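For the numbers below, each heavy atom of this structure counts, side chains included, while hydrogens, waters and symmetry mates do not. Naming: A, B, ... by sequence-line order, numbering from 1 per chain. Owing to the predicted nature of the structure, the values given are computational and were not obtained by experimental measurement.
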2 protein chains.
Amino acid sequence: MDQDDDHKHRNEVTLREVSAAVGLGMSTISRVLRNHGSFSQATRDRVMKAVEELGYVPNRIAGTLASSGSNLVGIVIPSLHNIVFPDLLSGAALTLNPIGFQTVIAVTDYDLEQEQKVIQSMLAWRPAAFLVAGLEHTPRTRAMLKNSGVRIAELLDTDDEGIDIVVGFSQREAGAVSARHLVERGYRRIGYVGPEFSFDPRARKRFEGFSAVVAEAGASVVETELMGRTSSTEAGRAALERMLARNPDLDAVYFSNDDFAVGGLFHCIANNIAVPSQLAIMGFNGLDIGRFAPQPLTTLRTPRTEIGEIGARMVMEQGGAKIVDVPFELVRGATT
Amino acid sequence: MDQDDDHKHRNEVTLREVSAAVGLGMSTISRVLRNHGSFSQATRDRVMKAVEELGYVPNRIAGTLASSGSNLVGIVIPSLHNIVFPDLLSGAALTLNPIGFQTVIAVTDYDLEQEQKVIQSMLAWRPAAFLVAGLEHTPRTRAMLKNSGVRIAELLDTDDEGIDIVVGFSQREAGAVSARHLVERGYRRIGYVGPEFSFDPRARKRFEGFSAVVAEAGASVVETELMGRTSSTEAGRAALERMLARNPDLDAVYFSNDDFAVGGLFHCIANNIAVPSQLAIMGFNGLDIGRFAPQPLTTLRTPRTEIGEIGARMVMEQGGAKIVDVPFELVRGATT
DNA sequence: CACATATTTGGCAGCGCTGCCAAATATTAC
DNA sequence: GTAATATTTGGCAGCGCTGCCAAATATGTG
């Protein structure tokens, strides 16, 4: 099987060679392989046999160029270290793979310039569609995306204007709901722990919604700790410790996500701070780790996988621009 | 800019149109864009200006077909819900992106048939290289990979034969080291909690190494709990509870990963089981969550990101097949 | 059996780009 | 000034496949 290749490059088996082996035209082979158009059963069998024997692997690069229309879907997320994004990916892949699409994933590291770069290079592969986390982009990114003509869904956040499809929930409202919960349960001196606003706009929006409600209720966000980008247990634990050192009077702390919150909870457990009687803790996202902590964490369960699924489904459909709100849910644990 | 398109498909701007706009040949434009070959500064400026104005986005599908050699690297992992794999991805992306490669990611859900399917369809895009988690594949997968001629690195596990490059550590040895630690500290009635062996061969190998050492030492693995594929806190917590109900005499439990182990630790905290005096707990992976738990978890820190980095680097290099051992490290916490 | 109709097959152009080489132009030497 | 060299540019074939349409073959009808 190797003796006849004075080919250009590799020993790549091409359609032409399958065609020669079977003694049928290339178009026929192509039709059989794509199960498209008509051919006899006998032909199909002969072709399949030859394909098997030669180890032919269709070249989709050539196929896509000839037919225009790839089976690639670009997915752009800021990080893989926050469970939110793998969940998003899973949902999208779950929807896309069965219908024959492949996901090309790029990570921006919460950097809009980087996002622009990766989107540009993904665009060069003419993906069938785009899924992007968040609504914040550089003007140039927005323009490229709009001009590309591919369907695009922006995920997770419905608080601002989108380019085409938007699937998510209101981050402001999520913050507000959290605040209402704490205020209703009587907490008044509230701390906040989250990532630097500059690179996580969704956390910022949640905080805005949160602090607005807290202020309305006559309570106040007494302390804030803003940290680097890792949503880690360590950061949450350390932040709470610092915060309590500065202000031991706090009666509740709202963490921007469950990883931070669990870190906070760990600090309390390790230091015999009674939760919630001495200090209440609230998280965000509804992770497993919080649900099965010694005391289940009060948090907001966010529909991450579902958002990925819906985004993927919508991006494959016809129809005009749309906004889909996928509701989150308050999960009352034992920490508030 | 839209009036002149009686093109075939879309209003895609092509090289030809840039060429027409600038009044230079297509090859010249192409050279400028790829910064390859020679051209004057004046030409470059004119070309760049036109590219900008027309919003030209090179079509890499055509480019790759013409030149053979894509900038796509296929990465195949079993899951995104075990932090191990996002870490692997990050490491690989970190190495690959700066040198102009894009990662195409597929998830197999721990299913070798599925793996075969995704690898086949990735191969259709003629990736420059492949990174695959694990050494276990169907014979057909192995054959496809071998015949494809692309460089492939198998990651995480060095206990068996690889196809080309292998980067990781010995899972058996990791299990053995863990066992030695427990045995040396005097634990004798040991439980094991992990995923079903059928779909996580690495966990199986660790268990083999573990139980061999335990047996040698005259101690024994008294109880085992094997669970579904999610490496969740919940599963670990529930498994420990069941195990202790059956056998309250255990003095240590080895968990196949830190998520399970943290679940176990939570069970102990919630039920006032003193760790490690009453029950020792050991995990695997060295996650943040274990390190900053109320009691830091004893575990093995695995070099996941590094494995991704090295795998990516090696796959881009020349040279024959290789095996690279990236060492893990025992982290003594306060739970043993 | 001739004819109309359905099914199966082959040929060819072209998707948008790059590699190769020759042509045109600029630069330098004498 | 001309010849020799260096630099910049253009033309053309072709990467491997698909879409279109015409040709060949099979099937059905009276």
Side-chain angles (χ1 to χ4, degrees), chain A residues 5-47 50-51 54-71 121 123-126 148-149, chain B residues 5-47 50-51 54-71 121 123-126 148-149:
Chain A
D5 46 332
D6 41 14
H7 307 317
K8 276 276 142 58
H9 304 290
R10 197 60 61 73
N11 46 9
E12 288 250 327
V13 183
T14 69
L15 238 207
R16 160 167 287 110
E17 300 175 61
V18 179
S19 158
V22 188
L24 284 168
M26 287 171 55
S27 349
T28 303
I29 314 292
S30 173
R31 271 180 304 237
V32 173
L33 257 25
R34 285 174 300 147
N35 202 16
H36 179 267
S38 65
F39 45 82
S40 68
Q41 184 58 41
T43 298
R44 156 176 239 130
D45 296 342
R46 286 204 296 159
V47 170
V51 163
L54 297 174
Y56 171 69
V57 180
N59 184 333
R60 249 197 222 283
I61 296 180
T64 302
L65 182 60
S67 66
S68 44
S70 81
N71 68 338
S121 65
L123 238 18
W125 283 99
R126 302 298 188 262
S148 72
Chain B
D5 46 333
D6 41 15
H7 306 318
K8 276 273 141 58
H9 305 289
R10 197 61 60 76
N11 46 8
E12 288 250 328
V13 182
T14 70
L15 239 208
R16 162 167 285 110
E17 301 176 59
V18 179
S19 158
V22 188
L24 284 166
M26 286 171 55
S27 353
T28 303
I29 314 291
S30 173
R31 270 180 304 240
V32 173
L33 257 26
R34 283 174 301 147
N35 203 17
H36 178 267
S38 65
F39 44 82
S40 68
Q41 184 58 43
T43 298
R44 156 176 240 130
D45 295 342
R46 285 204 296 158
V47 169
V51 163
L54 297 174
Y56 171 70
V57 180
N59 183 334
R60 250 200 222 283
I61 297 180
T64 302
L65 182 61
S67 67
S68 41
S70 82
N71 68 338
S121 66
L123 239 18
W125 284 98
R126 301 300 187 263
S148 72

Asks: Supply the atom-to-atom distance Y56(A) OH to L33(A) CG, rounded to the nearest 0.5 angstrom.
Replies: 6.0 Å
Asks: So if I take the C1' atoms of five pairs at each end of the helix from dC1(C)-dG30(D) to dC30(C)-dG1(D) and get each local axis, what angle do the two axes make, rounded to 10 degrees?
Replies: 30°
Asks: Over how many whole Å does the gap from I29(A) atom CD1 to dG10(C) atom P extend?
Replies: 8 Å
Asks: So which atom in L54(A) and which in V13(A) form the shortest heavy-atom distance, rounded to 0.1 Å?
Replies: O-CG2, 3.4 Å
Asks: Pairing donors with acceptors under 3.5 angstrom, does anything connect the side chains of S30(B) and R34(B)?
Replies: yes
Asks: Nearest 0.5 angstrom please: R46(B) CZ to T28(B) OG1, how far?
Replies: 9.5 Å
Asks: Tabulate protein N/O versus nucleotide N/O from nucleotides 23-25 of chain D, keeping only pairs under 3.5 Å, one per line.
Replies:
none

Asks: Expressed in angstrom and rounded to an integer, what is the separation of R60(B) atom CZ from dT18(C) atom P?
Replies: 9 Å
Asks: With no hydrogens and no angle check, just 3.5 Å: does a side-chain donor-acceptor pair link S27(A) and R31(A)?
Replies: no
Asks: Side chains of I61(A) and R60(B), heavy atoms from C-beta outward: is any pair under 4.5 Å?
Replies: no
Asks: Roughly how many Å is it from CG in L15(A) to C1' in dG14(D), rounded to a whole number?
Replies: 16 Å
Asks: Does OP1 or OP2 of dG16(D) have a side-chain N or O of R16(A) closer than 4.0 Å?
Replies: no
Asks: Taking atom C1' of dC15(D) as reference, at what distance in whole Å does atom CG of L65(B) sit?
Replies: 4 Å
Asks: Do the non-hydrogen side-chain atoms of E12(B) and V57(B) ever get within less than 4.5 Å of each other?
Replies: no
Asks: I want to check one thing: is the phosphate of dG10(C), taken as OP1 and OP2, less than 4.0 Å away from some side-chain N or O of S27(A)?
Replies: no
Asks: Which atoms of nucleotides 6-9 of chain D (N or O only) lie under 3.5 Å from a protein N or O atom, and what are those distances?
Replies:
unit_1, atom_1, unit_2, atom_2, d
dT9(D), OP1, T43(B), OG1, 2.5
dT9(D), OP2, S40(B), N, 3.3
dT9(D), OP2, T43(B), OG1, 3.2

Asks: Which pair of non-hydrogen atoms, one from P58(B) and one from R126(A), has the smallest distance, and what is that distance?
Replies: O-NH1, 3.2 Å
Asks: Take atom CG of N71(B) and atom C1' of dC17(C), then tell me their distance rounded to the nearest Å.
Replies: 15 Å
Asks: Rounded to whole angstroms, how far apart are CG on N59(A) and C1' on dG16(C)?
Replies: 14 Å
Asks: Nearest 0.5 Å, please: how far is CG in L15(A) from CG in N59(A)?
Replies: 9.5 Å
Asks: Nearest-Å distance, CD1 (I61(B)) to C1' (dG16(D))?
Replies: 13 Å
Asks: Rounded to the nearest angstrom, tell me the gap between atom CE in M26(B) and atom P in dG16(C).
Replies: 10 Å
Asks: Where do W125(A) and T64(B) come nearest, in terms of heavy atoms and distance?
Replies: CH2-OG1, 3.5 Å
Asks: R34(B) side chain N/O closer than 4.0 Å to the phosphate oxygens (OP1, OP2) of dT18(C)?
Replies: yes
Asks: Between L24(A) and F39(A), is there a side-chain heavy-atom distance shorter than 4.5 Å?
Replies: no
